[in-house]
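Here is the structure we will look at, set down as structure tokens.
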Amino acid sequence: MARQYWLLKADPEVFSFDDLLASPGRTTAWDGVRNYQARNYLRAMAPGDQAFFYHSNASPPGIVGLVEIARGAYPDPTQFERGHGHFDPRSKAEAPTWVMVDVRALEALPRTLALAELCGLEECSSLAVCQRGNRLSVSPVSGAQWRVIRACAKRKSPA
DNA sequence: GCCAACGTTGGC
DNA sequence: GCCAACGTTGGC
């Protein structure tokens, strides 16, 4: 199956791309997703898929790095941890509601590709992150979008 | 800090 | 099943 591409949102106050680079093996479990649409995208991920690492609530918000999926979806243990912020009392151990994947850092972009610039790129206005009011934390990126975005990010300054 | 948009909850 | 109220997200 062809490699798929994704965009992962993170609040850098909580977990930044630098935090990922500093993690053991530059890898972390992408836990805490509690939205069904995002969960379904996590389930569709396969090892070797690649993703943009996006900083929300930043100045400016935008893409800051590239990651790869190191392990496909498996149960998120925090859903069973009573008292944990991601605890879900309705999830059953024999049929976990929520999953996570492992994400490994590939490289930091030479600069932040800001949201405004991102959404102005050819074919990119349809990105979930460019839709008004969008809150989806995991979303798909097409191969064409991936290439356009990567090429833009490598240029030193906004086009 | 503001506030629009979203997803979820819960009364009916 | 409807929908108002609420809490959260996230750009500005």
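Each chain gets a letter, A, B and so on, in the order the sequences are listed, and its residues count up from 1.
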What residues form a side chain to side chain contact (heavy atoms under 4.5 Å, CB included) with A:Thr112, not counting sequence neighbours? A:Val64

Which residue pairs pass the salt bridge (charged side-chain N to carboxylate O under 4.0 Å, His left out) test with at least one member in residues 2-17 of chain A, sequence neighbours excluded? none

5' to 3' on DNA chain C, which nucleotides open and close the contacts with chain A (atom under 4.0 Å from a heavy atom)? C:dG7 to C:dG11

Side chain to side chain contact (heavy atoms under 4.5 Å, CB included) partners of A:Ala114, counting only residues at least two apart: A:Pro60

Which residue pairs satisfy the salt bridge (charged side-chain N to carboxylate O under 4.0 Å, His left out) criterion with at least one member in residues 73-86 of chain A, sequence neighbours excluded? A:Arg34-A:Asp76

Would you mind classifying the nucleic acid contact of A:Asn134 as base, sugar-phosphate or nothing, using non-hydrogen atoms under 4.0 angstrom? sugar-phosphate

In short, salt bridge (charged side-chain N to carboxylate O under 4.0 Å, His left out) pairs touching residues 86-110 of chain A with sequence neighbours left out are A:Glu68-A:Arg104, A:Glu107-A:Arg150

For A:Arg90, which contact category applies under a 4.0 Å heavy-atom criterion: base, sugar-phosphate, or nothing? sugar-phosphate

